Every structure is written in C-alpha cells, then in structure tokens.
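Working notes, beginning with the structure itself.
Keep in mind that what you see is a predicted model, and the values were worked out from it rather than measured. Just so we're on the same page: letters track the sequence lines, and every chain starts at 1.
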Number of protein chains: 2
Amino acid sequence: MTRDIYISGAAMTKFGRHDAVPMPSLAQEAILGALADAGLGLDDPQAFYCANVYGGMILGQTLVRDLGLSGMPMYNVENACASGATGIHLARHALLAGIYDTVVVFGVEKLTQLGGGSIPLQRNDYKTDLYAAQGMTLPAIYAMRATRYLHETGHAPEVLGQVAVKNRRHGALNPLSQARNEVSLEEVMNSRKVYDPLTLLQCCPSTVDGAAAVVLTTKRPSAGSSATRRPDVRVRASVVQSGKREEGLEDILDAEITARAAHLAFEQAGLGPDDLGVIELHDAFTIAELLYYEAFGLCGRGEGPRLLADGVTALGGRVPVNPSGGLIAKGHPLGATGVAQMVEVVWQLQGRAEGRQIEGAKVGLTQCTGGGIAGVDHAASAVHILTV
Amino acid sequence: MTRDIYISGAAMTKFGRHDAVPMPSLAQEAILGALADAGLGLDDPQAFYCANVYGGMILGQTLVRDLGLSGMPMYNVENACASGATGIHLARHALLAGIYDTVVVFGVEKLTQLGGGSIPLQRNDYKTDLYAAQGMTLPAIYAMRATRYLHETGHAPEVLGQVAVKNRRHGALNPLSQARNEVSLEEVMNSRKVYDPLTLLQCCPSTVDGAAAVVLTTKRPSAGSSATRRPDVRVRASVVQSGKREEGLEDILDAEITARAAHLAFEQAGLGPDDLGVIELHDAFTIAELLYYEAFGLCGRGEGPRLLADGVTALGGRVPVNPSGGLIAKGHPLGATGVAQMVEVVWQLQGRAEGRQIEGAKVGLTQCTGGGIAGVDHAASAVHILTV
C-alpha cells in the first residue's frame with residue numbers, strides 16, 4: 001500500500017531584488033511561513049531538504065543556523081533549475097519509506113548576489129566553458145528552438161510574444177511576483193533583442209532573489225486536532241528524469257525529457273492532460289511554454305499558439321498555465337522555483353490564490369527543467385501532479 | 001516489512017594526485033567498476049546519486065555524459081565531507097520506498113584542481129568568511145579540541161601521533177591509498193606544526209583526487225542467475241544527523257552529533273559497539289579518531305589512547321579502525337570519502353581486502369562528519385552499519 005503524501009503548508013517570499021536581505025533571512029521567512037501555514041512549530045518536522053544552485057557547501061545548515069535548530073537531518077540537493085522539484089521528489093521517497101512523517105523542503109537563491117557570469121556553471125568541465133564561450137548559452141539554445149519552431153510551423157514571431165503578454169498579465173495579479181505590470185504585445189516585440197527571435201521581455205529576468213518552502217507529510221491535514229478547513233492537497237505523482245544522449249536525437253523541438261517525465265507522472269497519478277485544471281511550467285523563455293504544451297499533450301505540434309489565441313491557457317480559460325506569472329513575470333530564483341511552483345498550485349487548489357484564483361481546479365501539474373548547455377540537454381526535468 | 005538493502009558492487013579509484021585525469025574519468029572509473037563488480041551493465045540501475053562538494057551544478061549529469069546515459073534520474077547531493085554518505089542514505093530511502101530496486105551512488109572530488117582557498121566554503125554567509133579570516137579553520141578547531149583533550153586527560157601529545165602511526169601503517173598495505181609508506185612516531189611528532197598540538201602528519205592531506213561508487217539494491221546478490229559467491233552485504237542502518245545549536249553545548253570534546261548518529265544507527269541495526277568487527281571513521285585529524293572511539297562507545301572519556309596502546313583498533317586487534325588507512329593515509333577527496341569508506345567495509349566483510357584483510361569481521365561501521373566551521377558544528381554526521 002502506498003502512503004498518501006500531503007502538502008500541509010506552503011509559503012514563499014516575494015520574488016524580486018532583495019539587495020538588503022541576506023539569504024538566511026529569505027530562507028527562514030519561507031520556512032517559518034510554511035510551518036505556520038501547516039500549524040507546526042520549528043521542531044515538528046523530522047528533516048529538512050534544502051534546494052539551491054549557487055550558495056556553496058552545507059548551505060541548508062548555514063541558512064537555518066540562527067533559528068537554533070536542534071540536530072535534525074539536513075539534505076542539500078542540487079539539480080540546476082530543477083533543484084527545488086528534486087528536493088520535493090527526494091523528500092517524498094523518505095516519506096513513502098516511512099523514514100519520516102513530516103519534513104520541510106525549501107528552495108532559495110540569491111541571484112543578485114551570487115548569480116551571473118562571476119560563478120562558472122560547471123567547474124569540472126572544460127566543454128561547458130568552451131560551448132558557452134562560443135555563444136551556446138541557454139538564451140541562444142532557446143532562440144534556436146524558437147527559430148526552428150517559427151520555420152516549421154509558419155507562425156509569426158508574435159506567437160512567442162503572446163506567451164509573455166499572458167504571463168505578465170497573470171503576474172500583475174500576484175503580489176509575490178517580481179514583475180507587477182502588464183505589457184502589450186507591441187512592448188514585448190519591440191523590447192531589445194536578446195537572441196533573435198527572443199526579445200528581452202520573452203526571457204525570465206536573471207536578477208532575482210527569493211525562497212519558497214512546503215511542508216510534506218503523511219498525516220492527513222484535515223484530520224486531527226490542528227485540522228485546517230482547507231481541502232487536503234495530495235502529491236499524486238513525482239517524477240525526475242535526466243536527459244538522453246543518443247544518436248538521432250536531432251529534433252530540437254522535441255522536449256523529449258519533459259514529455260517522458262510528464263508521461264510517467266500521468267501514469268503514476270492515473271490521470272491525463274484533460275484532467276488538469278492548473279499548470280505551473282518552466283517558461284524560462286517564451287518558446288519553452290509552447291513546447292511544453294505539446295510535451296504535456298495539451299495540443300499537437302505547432303498548435304500552442306491556437307491555445308493562447310483561444311485563451312485556453314490564460315486565467316479564465318480551461319487550463320490556466322502559469323497563473324502565478326511563471327518564470328517570465330514572477331521570476332526565477334533557481335533553487336526556489338520548483339518549490340514556488342508547488343506553492344502556487346497548492347494555493348490554487350485550495351482556493352487561496354486571491355486575485356488570480358482559478359475556479360474549480362482539482363488537479364495541478366508543476367514542471368521544471370534544469371540544464372541544457374553543452375549536450376546535457378536537458379540535465380533534469382521534474383514533473384509533479386497534485387490533487388484535491 | 002522493511003526491505004533488505006544490499007551492496008552488490010563496490011569500487012574506487014586510487015586516491016591521490018590525478019593531475020592529468022579529468023573528473024569525469026575518475027567518476028566513470030568508479031561507476032563502471034562498481035557496476036562490473038555487481039555484474040551489471042550501464043543501463044541496469046534505475047537512478048544515479050552523485051555526491052560532491054566543489055564541482056558545480058548538475059555535476060552528476062556532466063560527469064556521466066560521455067557514457068551515453070539514457071535518461072535515468074540523477075540526483076546531486078551535498079553535505080560537505082558527509083556528502084558521499086548522505087548520497088547512500090538518500091538512495092536507501094528510494095529503495096525502501098520501492099521506487100527503485102537498483103541504484104548507483106558515486107562520490108567524486110578533485111581537490112587538486114578545485115579545492116583550496118580559491119573557492120569559498122560558503123558563498124552566502126559572511127560569518128564563515130569572518131571566522132575563517134580570524135583563524136577559525138577546521139585544523140584550528142581540531143587543534144583546540146586536541147589541546148583540551150590533552151589538558152583534561154593528562155595524556156602526552158604522542159597519543160595523538162599514535163593515531164597517525166597506526167593509520168599510515170594500514171595505508172601502506174592498501175594499494176589505493178594516497179600515502180603508501182609507514183611513518184614512525186618520531187616522524188609524526190617532528191613534522192611541521194600546523195596548529196599546535198597537531199603536526200602535519202596528523203592532518204589528512206588536502207591535495208587529493210578520487211572517486212568511489214557502490215551499487216545499492218533490494219535484490220539479494222547471492223540469488224539469481226548472476227549470483228556471486230560472495231557473502232551478501234546488507235545495509236543495516238543509515239543515519240544522517242545535523243548539528244545542534246543550543247545553550248550549554250560547551251564541551252568541545254563531546255562529539256555529540258556523531259554519538260547521537262551512532263546511537264540511532266545501533267538502535268536501527270539492533271546491534272551495539274561490541275558487535276563491530278571493522279570501523280572506517282572520519283580521522284580528518286588525529287584527535288577526531290580518539291573522540292569518535294568515545295562517541296561509538298568503544299571506550300570512556302580519555303581512554304582512546306589505551307585502545308591504541310593495546311592494539312585493539314589496529315589491524316590484528318579486536319576491532320580494527322581505518323584498515324584502509326583512513327583519511328590521514330588513504331586521503332580525503334571530500335565527496336568520495338563516505339562512499340569509499342563503504343567500499344572498504346564491503347571488501348573487508350567479503351574477505352576481499354587482500355593484504356590488510358581482517359579475519360572474521362561480520363559487522364562494519366562507517367562514519368563521516370561534514371562541516372564544523374563558524375557554529376555549524378557539525379553540519380552533518382553520517383553513520384552506516386553493514387553486516388554479512
């Protein structure tokens with residue numbers, strides 16, 4: 001018999017520039033917020049999972065040191081932009097095994113202090129530096145995908161811009177989003193080119209800080225003396241997959257790893273794309289959102305723009321995608337992102353998303369992708385499915 | 001019912017300076033070695049766990065890229081010097097939960113290329129830099145413990161040196177050890193002072209590279225068609241604990257976190273210190289080995305030197321400690337260490353330790369400790385118990 005895993009608490013900081021706020025304060029705000037949201041104290045969880053990319057060694061222990069923590073296990077997890085989701089995934093293993101019944105997973109990143117060109121992506125691998133020096137950075141790779149997409153489908157570049165317009169509109173409704181203003185299609189298309197055809201407003205901002213945390217537990221939140229009146233959110237599927245290196249994998253529009261992870265997740269949950277009521281996906285660049293529509297089975301190849309045009313994936317549509325604003329509007333502090341996606345879906349499923357609430361969503365999917373440089377394409381993709 | 005977890009394959013590179021060998025080659029040698037030792041191919045495990053401290057992001061995926069791996073999950077784990085043991089610990093959770101039945105855990109570090117003062121320990125935390133700049137580095141902290149130990153117990157500094165003499169004697173018997181020559185007590189005591197009373201030969205060398213890997217599985221190795229004739233090694237306990245910050249924790253000779261982890265591990269295994277036939281422990285500095293004797297319950301406070309003098313913890317004694325040479329002789333490539341300890345104990349329990357074989361050992365314990373700077377004291381301690 002498989003145990004049920006619940007998310008009983010969820011919290012995040014505002015994403016944005018937090019120049020005056022040290023990383024421990026961000027992490028602690030998210031952790032204490034998630035514990036309070038679950039009605040728990042600092043000593044109630046039995047373990048902590050810390051997800052981060054750039055913070056350095058034994059980061060989790062350092063971040064919580066000043067809380068006076070009491071010796072419980074801390075696990076530091078990294079999987080590039082999928083770090084947060086990987087933390088949740090590993091925590092679920094321990095809960096399913098009966099090692100713990102309640103744990104905290106938090107993700108944190110301070111890109112304004114630690115990100116950017118000053119820290120190499122891989123310190124072990126000359127190939128990454130070589131490829132990057134030749135221009136094979138993530139924006140360039142996504143721009144190639146976008147170019148190919150427009151070439152193959154015959155769509156105009158504006159279909160990319162529409163993703164940014166939608167997600168910025170969503171972000172404007174989210175008080176925790178880095179970007180809080182809507183942008184017009186014209187503004188998106190006329191913003192500075194980063195890599196053709198991707199303009200600046202089609203790329204997630206790279207100067208952002210933030211933290212997010214969830215409480216994962218095998219104890220049904222609606223039972224017991226500290227019961228909440230909120231619907232129980234269950235983690236119904238948790239999948240992490242890594243990239244393939246094989247001959248013939250030459251279709252750069254095939255988000256193979258994400259499609260594979262989503263397929264496994266649907267199988268695990270016994271659900272399909274038609275069941276989804278809300279999605280938080282990894283729109284690091286506009287083209288990514290269109291490719292992931294296809295990877296999740298929401299539409300066939302080249303049909304994403306139709307979903308956008310029909311409002312299917314906008315708030316008010318059948319399956320809103322990135323109601324939080326997504327990476328493009330809400331921001332993408334790497335280690336925090338996968339956890340923050342989970343926070344948004346929990347709030348949506350429990351009717352706590354206020355000005356951007358989706359009515360009646362019962363099933364939510366989160367997805368994030370890590371890596372993508374120099375042949376590690378992609379290094380990790382994580383898909384989770386939550387239900388009420 | 002708890003599943004049994006076996007180690008069906010174990011391998012490591014020689015520890016030492018590998019200036020001409022890139023990190024992927026070290027990792028792959030260990031991984032392929034462990035798989036071959038288990039009679040498995042590259043596609044047989046269902047997931048990989050990569051333990052490392054300094055390598056940078058999505059390290060595991062990068063390291064195995066050129067093996068042509070096929071999309072299986074990769075988890076990157078960090079817990080300072082306890083990273084390798086933490087990888088094994090997390091892998092065990094997934095096996096116990098029935099998520100996988102066979103996985104590879106590998107640890108790797110290339111300190112000659114990436115270690116040293118050029119990379120800050122924590123990039124998030126001004127306190128660490130502050131303390132380190134004032135001299136509160138790990139050798140200094142252990143030297144304070146050593147000073148206090150000699151003061152409290154009345155022992156002469158030579159009791160510390162005896163640890164190095166023993167472990168170097170063991171390492172001389174291990175072809176994979178960095179240091180292969182014995183040293184006399186006089187040589188140890190007369191080597192350059194690092195922090196008084198610790199001399200150079202009482203500190204593990206900081207220029208060392210290496211990798212180690214194990215195959216963890218729920219399938220009994222002695223069953224099935226590819227059965228080995230080796231005794232099955234089971235993982236009977238796996239504990240990771242983090243440090244405490246509490247008022248009154250003022251006894252710097254109390255290895256509280258390790259004692260706590262060992263206590264929990266003995267409880268988990270239903271075994272006690274008297275059952276141990278082999279120990280690989282974290283002798284980063286000589287004093288540490290003496291303190292951990294006490295933490296494991298091998299002796300009372302200040303009684304470690306007696307065990308040494310009586311040869312109890314030397315090869316040929318009742319419970320040999322660090323037959324591999326330990327960190328002091330074999331070397332301490334951080335992420336690899338916890339896995340390499342496991343490799344040594346597996347070989348000892350299966351009678352494969354050749355010139356340094358312990359006769360009749362049925363129960364082995366591995367222990368490593370991560371962190372220790374600036375109040376994160378210690379950040380992690382991991383204890384595993386293996387049996388045949």
Choice from [options] maximising heavy atom contacts with chain A below 4.5 Å:
options	value
B/V239, B/L90, B/L67, B/N52	B/L90
B/A82, B/S83, B/P73	B/P73
B/A47, B/A97, B/G60	B/A97

Best-contacting candidate, A/L95, A/T86, A/I99, A/V77, against chain B by heavy atom pairs under 4.5 angstrom: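 Max contact count across the listed options: A/I99.
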Distance-only donor-acceptor check, side chains [X] and [Y], under 3.5 Å:
X	Y	value
A/Q367	A/T369	yes
B/D101	B/Q46	yes
B/Q61	A/N79	yes
B/T112	B/T207	no

Part of A/M72 within contact of chain B (heavy atom distance under 4.5 Å):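 For A/M72, backbone heavy atoms alone lie under 4.5 Å from chain B.
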Plane angle bin for B/H332 and B/H282 - parallel if under 30°, tilted between 30 and 60°, otherwise perpendicular: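 Perpendicular, since the angle between the ring planes exceeds 60°.
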